[in-house]
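Heads up, the thing below is written out as structure tokens.
Both ligands and their constituent atoms are indexed starting at 1 by order of listing. The analysis underlying the following values was restricted to heavy atoms, covering all of them including side chains, and did not include hydrogens, waters or symmetry mates.
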Amino acid sequence: MNEVYEKLKKCHEIVAKKITFKPELALILGSGLGDFCDTMDVKETLPYSEIEGFPKSTVAGHKGQFVFGYSDGVPIVAMQGRVHYYEGYPVQDVVLPTRLMRLMGAKTLFLTNAAGGINPAFHAGDFMLITDHICSLVPSPLIGANIDELGTRFPDMSEVYSRRLRTIIENSAAAEGVPLQRGVYIQTTGPNYETPAEIRAYGRLGADAVGMSTAIEAMAARHCGMEVCGISCISNLAAGISANPLSHKEVQETADRVAPLFRKLVARAISDICAGK
Ligand code: HPA
């Protein structure tokens, strides 16, 4: 068997022994947004450290656990703390948690992140519905022998972020009175922030926001047949768009400041996505 798949299956065996909860939807929480779980009716939790072979998040402020429970009656699994490529893991390990949540039963992936705003119309604290992504700066998570059990060798990526879910989320935001920008997300490797010249280049390539996660997770999820959506919290204006130097502290502070609104938006969107299912 393929090594990447073997590791995934082993992780799933461990999860299946410890957890009985069956999620419909998987939610990946970005920087400063881990508090979402406080609003959930939590049934079970599983620290990543209890899953042998699972990559460990090394980012300060990331908790590192799966949280299983109900958000407004919808059975979900939330990742409190994600794994980033810049931590040094092979890209296949970075998407292992996404694939694992698929094996747990989740059919929908809801991605969130903190991102730098490139589009000059954006402000720090805005939310951006991800309409598409540019992932060409990072290796594809699908490199290596294809895992036929999960999906096809050459998957289509013409609609990574489901048009159906985007319409639902736009309506959820309007219903909650939360302004929502929309745009294209570009993933870099990180961990450094970008230079102003890089940001100008990414803007010309068509990116509206930049971050260090999300696109590879979205690709892995599409490969294994999940329906995907995502929202970025614009935690800062990207390098050169604002005159100020960037800091992780600023990113965290803005994400924390808008967290209550973000929680409201995501909770409503999840409820609307799963309504009637
Ligand atoms: N660049 C890259 N990643 C980020 C940024 C940024 O400006 N803000 C939050 N994550």
Is it the side chain, the backbone, both or neither of [X] that has a heavy atom closer than 4.0 Å to ligand 1?
X      : value
Asn236 : side chain
Ala115 : backbone
Leu246 : side chain

Under 30°, 30 to 60°, or over 60°: which ring-plane class applies to Phe66 and Phe68, parallel, tilted or perpendicular? tilted
Whether Phe54 and Tyr48 hold their rings parallel, tilted or perpendicular, with breakpoints at 30° and 60°: parallel
Compute whether any side-chain donor of one residue and acceptor of the other, for [X] and [Y], lie under 3.5 angstrom apart.
X      : Y      : answer
Asn236 : Glu250 : no
Ser162 : Glu227 : yes
Tyr161 : His133 : yes

Close-contact set for ligand 1 against [X] heavy atoms, below 4.0 Å:
X      : result
Met212 : 2 (C), 3 (N)
Ala114 : 9 (C), 10 (N)
Tyr193 : 1 (N), 2 (C), 4 (C), 5 (C), 6 (C), 7 (O)
Ser235 : 8 (N), 9 (C)

Could you tell me the residue and atom name of the protein heavy atom closest to [atom], and the distance to it rounded to 0.1 Å?
atom                   : value
atom 4 (C) of ligand 1 : Val210 O, 3.6 Å
atom 5 (C) of ligand 1 : Gly116 N, 3.4 Å
atom 3 (N) of ligand 1 : Gly211 CA, 3.4 Å

Is the shortest side-chain N to carboxylate O distance from Lys18 to Glu50 below 4.0 Å? yes
In terms of side-chain geometry, is the basic nitrogen of Lys9 or Glu13 positioned less than 4.0 Å from the acidic oxygen of its partner? no
Please work out which of His248, Glu194, Glu250 has its closest non-hydrogen atom nearest to atom 2 (C) of ligand 1. Glu194
Under the side-chain contact (heavy atoms from CB on, under 4.5 Å) rule, what do Val266 and Phe127 come out as? Steps first, then yes or no, please. CA-CA 11 Å; Val266 172; Phe127 300 113; over 6 Å; no
